[in-house]
There are 4 protein chains.
Amino acid sequence: MKKEKILEVAEELFAEKGYEGTSVRDIAQRAEVNIAMISYYFGSKEKLLEALIQYRAGYTSNLLDILKKNPNEDPIHKMEKVIDVYVDRILTHHRFHNIMSRQLSMLSEAHIKEQMMAIKKQNLDIIKKIIEEGQKKKIFRKVDIELTVASIVGTISQVTLSKSFYCRLMNIPEINFDEYSLRIKNRVKKHLKKMILTHLIADMNQSSKSTS
Amino acid sequence: MKKEKILEVAEELFAEKGYEGTSVRDIAQRAEVNIAMISYYFGSKEKLLEALIQYRAGYTSNLLDILKKNPNEDPIHKMEKVIDVYVDRILTHHRFHNIMSRQLSMLSEAHIKEQMMAIKKQNLDIIKKIIEEGQKKKIFRKVDIELTVASIVGTISQVTLSKSFYCRLMNIPEINFDEYSLRIKNRVKKHLKKMILTHLIADMNQSSKSTS
Amino acid sequence: MKKEKILEVAEELFAEKGYEGTSVRDIAQRAEVNIAMISYYFGSKEKLLEALIQYRAGYTSNLLDILKKNPNEDPIHKMEKVIDVYVDRILTHHRFHNIMSRQLSMLSEAHIKEQMMAIKKQNLDIIKKIIEEGQKKKIFRKVDIELTVASIVGTISQVTLSKSFYCRLMNIPEINFDEYSLRIKNRVKKHLKKMILTHLIADMNQSSKSTS
Amino acid sequence: MKKEKILEVAEELFAEKGYEGTSVRDIAQRAEVNIAMISYYFGSKEKLLEALIQYRAGYTSNLLDILKKNPNEDPIHKMEKVIDVYVDRILTHHRFHNIMSRQLSMLSEAHIKEQMMAIKKQNLDIIKKIIEEGQKKKIFRKVDIELTVASIVGTISQVTLSKSFYCRLMNIPEINFDEYSLRIKNRVKKHLKKMILTHLIADMNQSSKSTS
DNA sequence: CATGAATGAGACTTCATTCAT
DNA sequence: TATGAATGAAGTCTCATTCAT
């Protein structure tokens, strides 16, 4: 359907060149539709972005909720599962993640930022709650919860948003995102699980000597 | 000086509204200079961005180099120092970091991206080398170096770029960046040092049980 | 019927916002019909205006003709009757009068202007002929016929077209047109009859001393 | 100067084709300026209209005020002078009068309508006050003041706004406005003075017999 | 008879830049 | 060095209309 085509092309181009850097002409052209269609379908460029958010918003909620509903599983396995799922999601929807990250880092207030923050909060609250649960069960030690969450998301974001940079850092040639994703997905999962769980479980002796 | 005023206003506005979202009129107006001055001084809007990069590029090299030149210090203290310095730097130059992050996440190739990547690489290579050095000295265990670097930078980036989001996650009201910086700077340093060093020096028994 | 609904809504909106200022979308929306219906029924926006003219054109001819066909009545009573009828008509069909006035004052030639002028001429000729008849019968004195006609129509037009203005001039709050009409209808009739008949009948002594 | 040129062309075209019916392209083209100049100078099409109002607003105040400042003159001569001046003004600035009339007859509220009403009120209040003064001095009889004012303005408006119509009514060929103005200016003045002053000073016997 | 989808044209406005001074 | 005026290109959006169903 043409409406979906426009949404997908918009996602592509917003990710490539940014929201402001993309013109509706560009979108119409690549989507092979008349330029007036965008206003016709979505009302305006901004509403197109909103529609894109709605279109992609669901990509996260369903699955993470399922995970959250296994109340008997121990927090360690929950955390591992969350990391697996989260890495998969962001790498799969890297374009949308890209767009969201840029909009969220805008300092100026916009009504659209709210929607994006709501989506992000929904996800990160899940991680937060797993850590809290683990602490309550004395399985996880006391850590800075919000910043631990930031480290998980931040790591995935870095890798996702700066493909060309990490290609260079790893001394591999620039490749397209799918290949890149294939190459690093498991590395990221392994690294994150190792680092975060060590962080959450390590006994106090070791950690105390390294903090100032 | 007027040229500097323009650069500083440009940094402000690019951070607020993005490069494409900022017009040279906006800059000229807030900098209280004639519109024609920007083309006159810098040649074009794009060259203004380049000039801004040059203007801010030095913020990192000086200090990190000093650190690198203490070859006798042990890697643990080096890493702690690097984290301290890096957190300070990014939080201090959050606007520039903001701009760079957005440009780097653009998928399309631009000659300006190169310059930014070079600056970023310069910094991250320092961290990378410290880890390598620690491993060579058998002080650090075997970890995924690039992703450990990504975790450090990613954590700081997250916190820096998504102020409003983390305010909400921490249940504090939205505050200006200076207050925010004051509040979280030490938390970030402490968290990162704890997490990263635990990750780098944890003994194998503990970490092995948590990896899949 | 839908066709009539469209015509009535069109009249409303053309009066409110002008012909050019009204879009067929506006009309379709308020008339609760599909946009395509307007082109479908009337062919084009311009033809819709023409259709509106046809639809409303009859509002004047019928009744004034009746009046004209009482050849025995004396011109004074005819004039009074004409004023009564004319005031009633214009105030009742104020929206259509509004549209016509605006179109007629367009300087550029349009084929639609012709139709409107024909309608207007039809009415004013009646008034003109009554004055001529009165003069021929030596009941009316010599006056500038066309301008006397202009004064009659001009007075009614003023009051009709500038409701908000005359509300203000009379120090009454802005009211809807029906209330306004109720309030001034008789005043206008009385004023016009008094002024016009004095003008037509006054003896020369009085009028001569006031002309330059 | 180009700014004035634009204003004059805008007046021409707004009078010819209406505000909504005129595109900024039309104006730019006829004024022989770049299309962007209109936004550059005036900000927007609407602000151009406002600027036009400001530009032409003064055409009335100066002279009528002078007239008002002869407190010793008798109301009859004042009224004659006002009619002379007013006819001159409207015929001279017929294009602006045209634009104002159309905007004022818009039913929908607009911030620009306010400005126009203020200008119109300023003029009509002068006439109103002369009548009131004449009545106070027992020179004018009791008449409907507001509607007398409406008759004066309405007569001039009719003649000004419907040139082609009155050409036809008078059986003369359509001529340009300057010729038309020449032909009818004195007729209008004479007619109005005669009619209005008869109306204002006629003795009661005559007027009473003609009012219902 | 009726309509939702689609379209090309053109609306207004803002853009970064240049030019003459 | 500095600037106000000016510009062509491009921006987003709305317009009246048509077409396939």
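Note on naming: letters A, B, ... go to the chains in the order of the sequence lines (proteins, then strands), and numbering restarts at 1 for each one. The basis for the numbers below is simple: all heavy atoms, side chains too, and nothing from hydrogens, waters or symmetry mates.
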Counting N and O atoms only, with roles assigned by atom type, does the side chain of B:T22 sit under 3.5 Å from a partner on the main chain of B:L13, one being a donor and the other an acceptor?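 Yes, the answer is positive, given that a donor and an acceptor are paired below the 3.5 Å cut-off.
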Short question: side chain of C:N98, backbone of C:L161 - any donor-acceptor pair under 3.5 Å?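 No; judged by distance alone, with no hydrogens or angles, the pair does not exist.
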Taking only residues two or more places apart in sequence or in another chain, which ones pass side chain to side chain contact (heavy atoms under 4.5 Å, CB included) with [X]?
{"X": "A:T160", "answer": "A:I90, A:L91, A:H94, A:H97, A:I156, A:F177"}
{"X": "B:V24", "answer": "B:I35, B:I38, B:K45"}
{"X": "A:Q29", "answer": "none"}
{"X": "B:M106", "answer": "A:R102, B:Q103, B:S108"}

Could you note down all residue pairs passing ring pair (Phe, Tyr, Trp, His ring centres under 6.0 Å) where residues 11-49 of chain A supplies at least one of them, sequence neighbours left out?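 Listed once each, the pairs are A:F14-A:Y19.
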Partner residues of B:E174 under the salt bridge (charged side-chain N to carboxylate O under 4.0 Å, His left out) criterion, sequence neighbours left out: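 Testing B:E174 for salt bridge (charged side-chain N to carboxylate O under 4.0 Å, His left out), a comparison that skips the adjacent residues, returns B:K163.
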Send over the distance from [X] [atom1] to [N] [atom2], rounded to a whole Å.
{"X": "B:I27", "N": "E:dC15", "atom1": "CD1", "atom2": "P", "result": "11 Å"}
{"X": "A:L48", "N": "F:dC13", "atom1": "CG", "atom2": "C1'", "result": "14 Å"}
{"X": "D:Q29", "N": "F:dG8", "atom1": "CD", "atom2": "P", "result": "13 Å"}
{"X": "D:K2", "N": "F:dA5", "atom1": "NZ", "atom2": "C1'", "result": "9 Å"}
{"X": "C:D26", "N": "F:dA16", "atom1": "CG", "atom2": "C1'", "result": "12 Å"}
{"X": "D:E32", "N": "F:dG8", "atom1": "CD", "atom2": "P", "result": "14 Å"}
{"X": "C:F42", "N": "E:dC1", "atom1": "CZ", "atom2": "C1'", "result": "15 Å"}

List in numerical order all residues of residues 14-22 of chain B for which some heavy atom is under 4.0 Å away from an atom belonging to DNA chain F.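 When residues 14-22 of chain B is checked for heavy atoms under 4.0 Å from DNA chain F, there are no hits whatsoever.
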Going by the salt bridge (Lys or Arg N to Asp or Glu O under 4.0 Å) test, which pairs reach into residues 32-42 of chain A, not counting sequence neighbours?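 Listed by first then second residue: A:K5-A:E32.
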Which residue pairs pass the salt bridge (Lys or Arg N to Asp or Glu O under 4.0 Å) test with at least one member in residues 7-18 of chain A, sequence neighbours excluded?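 Qualifying pairs, neighbours excluded: A:E11-A:R56, A:E12-A:R30, A:E16-A:R30, A:K17-A:D26.
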Which listed nucleotide (F:dA6, E:dC15, E:dT7) is nearest to the side chain of A:M37?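 Given the options F:dA6, E:dC15, E:dT7, the side chain of A:M37 is closest to E:dT7.
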Minimum-distance nucleotide to D:S23 side chain [options: E:dC12, F:dG11, E:dT3]: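 Shortest atom-to-atom distance from the side chain points to E:dC12.
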Report yes if at least one side-chain N or O of A:Y41 is closer than 4.0 Å to OP1 or OP2 of E:dA5; otherwise report no.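 Negative; the distance criterion is not met.
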Please round to 10 degrees the angle between the axis of the first five pairs and the axis of the last five pairs in the helix from E:dA2-F:dT21 to E:dT21-F:dA2.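 For the helix from E:dA2-F:dT21 to E:dT21-F:dA2, the axes at opposite ends meet at about 20°.
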Sequence neighbours excluded, which residues qualify as side chain to side chain donor-acceptor pair (under 3.5 Å) partners of C:E46?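 Residues passing side chain to side chain donor-acceptor pair (under 3.5 Å) with C:E46: none at all.
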Anything under 3.5 Å between a protein N or O and an N or O of nucleotides 17-21 of chain E, put it in a table, one pair a line.
unit_1, atom_1, unit_2, atom_2, d
E:dT17, OP2, B:K45, N, 2.8

